[in-house]
Amino acid sequence: MSGKNLLLPDYFLFGGIFVIFFLLVLTFFLYGKYKSSKTKNKILEDNYKAIESKLDNVRLEHIETKLNPHLFKNILNSVQSHAYQTYISLDKLASILDYILYESSNKFVSPKEELDFAMNLIEINKIKINPLFDFRIKTKINKEDSIYLEKVFAPLISVDLIENAFKHTDFLAEDSFIAVNLILDAGKFEMKVSNKISEKTPLKKENSGFGSKSFDQRLKLIYKDHYKLNKSITNGNYVAHLTINLSEFYDKMRYSGR
């Protein structure tokens, strides 16, 4: 019994040394793992920073491409062009609205006022067509004509022919066109409007025009035998030709006191 009691401290000593050794080994092992993880994290962090730096360079190059001076100038010119067109269009639209609101209520206006209105109406309608579309306009306005400033023109007479041409033309068809010819000379007004009829037009009828009976009736009631309106369709082309002898009508107005 006494021999076993003497050996007990040796067991504790051996066990303590083993525990200390084990803890030291474990500590070194964990420290090694920690150092290894820290090194890997440092490498990953460096790689991430390198990639982010390259990404920033790519982003910067992309922005510089977008802000290329020539490209930017082209965009600016485009924006400026649209702004100018918008300004001009709004100005013409304002003139049209003024005419409809304040002049169309009059029984008669001057040829000058109606022709200015017709030109503004044409310009507004041109907004919706491609610049390459075959649009032709000819004018021969004698501003020295004795009736140029006389109140002899029924307002809004030119609306129907212009609107019909733009309404019944296929702007995307290869052979489409619109042609407008305005003449005021020797006391006579002429308006000839022709266009290629759209195949999509539901009102296409042989020699019948596009309706607008009220326009015909208005001309007949106002100008009676002082006007001619011919409408025809040939090979898919619609032509409306209006002639008003304003001098004769004006003389009749003066003599009759109308």
Side-chain angles (χ1 to χ4, degrees), residues 1-98 120-137 162-163 165-178 195-202:
M1 288 293 291
S2 59
K4 289 183 179 179
N5 290 335
L6 291 173
L7 293 175
L8 188 60
D10 294 334
Y11 288 128
F12 282 113
L13 179 61
F14 180 78
I17 292 171
F18 177 78
V19 170
I20 291 171
F21 179 77
F22 176 77
L23 289 176
L24 285 173
V25 171
L26 182 62
T27 300
F28 279 112
F29 175 77
L30 292 176
Y31 181 75
K33 294 290 288 184
Y34 168 75
K35 289 287 290 181
S36 176
S37 297
K38 191 175 180 180
T39 303
K40 288 180 179 178
N41 287 337
K42 183 69 170 57
I43 293 171
L44 288 173
E45 189 177 349
D46 291 340
N47 289 338
Y48 175 79
K49 288 182 179 178
I51 292 172
E52 193 173 43
S53 177
K54 289 180 180 179
L55 186 59
D56 286 341
N57 290 334
V58 172
R59 286 170 178 161
L60 183 60
E61 289 176 4
H62 183 59
I63 292 172
E64 287 174 350
T65 301
K66 280 188 173 180
L67 295 179
N68 179 284
H70 295 292
L71 180 61
F72 186 75
K73 186 178 179 182
N74 290 338
I75 294 172
L76 184 61
N77 287 339
S78 178
V79 171
Q80 190 176 29
S81 174
H82 282 291
Y84 179 73
Q85 288 179 359
T86 301
Y87 167 78
I88 295 296
S89 300
L90 289 175
D91 184 58
K92 294 185 181 303
L93 182 60
S95 298
I96 288 174
L97 291 176
D98 283 347
N120 285 331
L121 188 62
I122 289 171
E123 290 299 319
I124 287 293
N125 276 283
K126 282 171 63 179
I127 293 173
K128 59 187 176 186
I129 64 177
N130 189 305
L132 300 178
F133 179 78
D134 185 5
F135 181 82
R136 315 159 203 163
I137 182 166
I162 295 171
E163 287 293 296
F166 281 93
K167 184 178 178 181
H168 297 287
T169 299
D170 184 357
F171 300 115
L172 300 179
E174 189 174 348
D175 57 347
S176 283
F177 73 94
I178 294 176
N195 64 280
K196 185 74 175 181
I197 304 172
S198 170
E199 295 296 328
K200 304 172 185 174
T201 301

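Applying the side-chain contact (heavy atoms from CB on, under 4.5 Å) criterion to Asp91, with sequence neighbours excluded, gives no partner residue. Not counting sequence neighbours, Lys92 has no partner by the salt bridge (Lys or Arg N to Asp or Glu O under 4.0 Å) test. In this structure, the side-chain hydrogen bond (donor to acceptor under 3.5 Å, both in side chains) partners of Asp134, at least two apart in sequence or on a different chain, are Arg136. Residues passing the side-chain contact (heavy atoms from CB on, under 4.5 Å) test with Ala94, sequence neighbours excluded: none. In this structure, the side-chain contact (heavy atoms from CB on, under 4.5 Å) partners of Ser95, at least two apart in sequence or on a different chain, are Asn120. Scored by the side-chain contact (heavy atoms from CB on, under 4.5 Å) test, Ile129 finds Lys126, Phe133, Phe135, Phe166, Phe171 as partners (sequence neighbours excluded). Not a single ring pair (Phe, Tyr, Trp, His ring centres under 6.0 Å) links Phe177 to another residue, sequence neighbours left out. Listed by chain and residue number, nothing satisfies the salt bridge (Lys or Arg N to Asp or Glu O under 4.0 Å) test with Glu174 (two or more places apart in sequence, or in another chain).
The line from NE2 of His168 to NZ of Lys196 is 16.0 Å long, rounded to the nearest 0.5 Å. Annotation: the span from Ile127 atom CD1 to Leu93 atom CG amounts to 8.0 Å, rounded to 0.5 Å. Put simply, CG on Leu23 and CZ on Phe18 are 9.5 Å apart, with the number rounded to the nearest 0.5 Å. One finds the CD1 atom of Ile162 at 12.0 Å from the CD1 atom of Ile124 (value rounded to the nearest 0.5 Å).
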Side-chain donor-acceptor distances from residues 30-44 under 3.5 Å, at least two apart:
| unit_1 | atom_1 | unit_2 | atom_2 | d |
| --- | --- | --- | --- | --- |
| Ser37 | OG | Lys33 | O | 3.0 |
| Thr39 | OG1 | Lys35 | O | 2.8 |
| Asn41 | ND2 | Ser37 | O | 3.3 |
| Lys42 | NZ | Asp46 | OD1 | 3.3 |
| Lys42 | NZ | Asp46 | OD2 | 3.2 |

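Across all non-hydrogen atoms, the minimal contact from Leu132 to Asn130 is N-OD1, 2.7 Å.
Looking only at distances, a side-chain donor or acceptor of Ser176 sits under 3.5 Å from a matching main-chain atom of Asp170.
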